[in-house]
Amino acid sequence: MNRVGPLGRLSRSVDHAVRWRLGLIGVHAGAAGQAAHEGVEAFWAASRMLDPVAVTGRPMAARKAWGTARLVDISGASSGPGDHPGSRGFSGRVALHP
């Protein structure tokens with residue numbers, strides 16, 4: 001939205017002032033210790049990502065509102081606590097952008 005007039009100039013001035021102040025904030029990128037990387041392989045070996053669940057994808061009809069994105073409905077088996085439908089399976093929609 002491009003505002004014109006005094007309110008638009010005031011909004012742009014405030015935006016520029018905030019960006020200028022944020023630019024003065026220093027970022028400390030200290031050296032990562034060796035301990036931060038220990039156990040990474042063991043973590044991924046023990047995780048559920050080692051054996052991912054199979055996902056089924058069904059393409060949907062293209063919609064003009066999504067531009068060039070391709071919509072795909074996905075579903076698969078799941079395991080979790082409880083007896084609700086989300087504890088046994090999952091479903092979702094993914095927008096794939098080329």
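In this chain, residues are counted from 1 in sequence order.
Grouping Ile, Leu, Val, Met, Phe, Trp and Tyr residues whose side-chain heavy atoms lie under 4.5 Å apart, directly or via other members, places L22 in a hydrophobic cluster with L10, V14, V18, I25.
Applying the side-chain contact (heavy atoms from CB on, under 4.5 Å) criterion to R19, with sequence neighbours excluded, gives D15, H16. Under the side-chain contact (heavy atoms from CB on, under 4.5 Å) criterion, S75 pairs with T56, S91, sequence neighbours left out.
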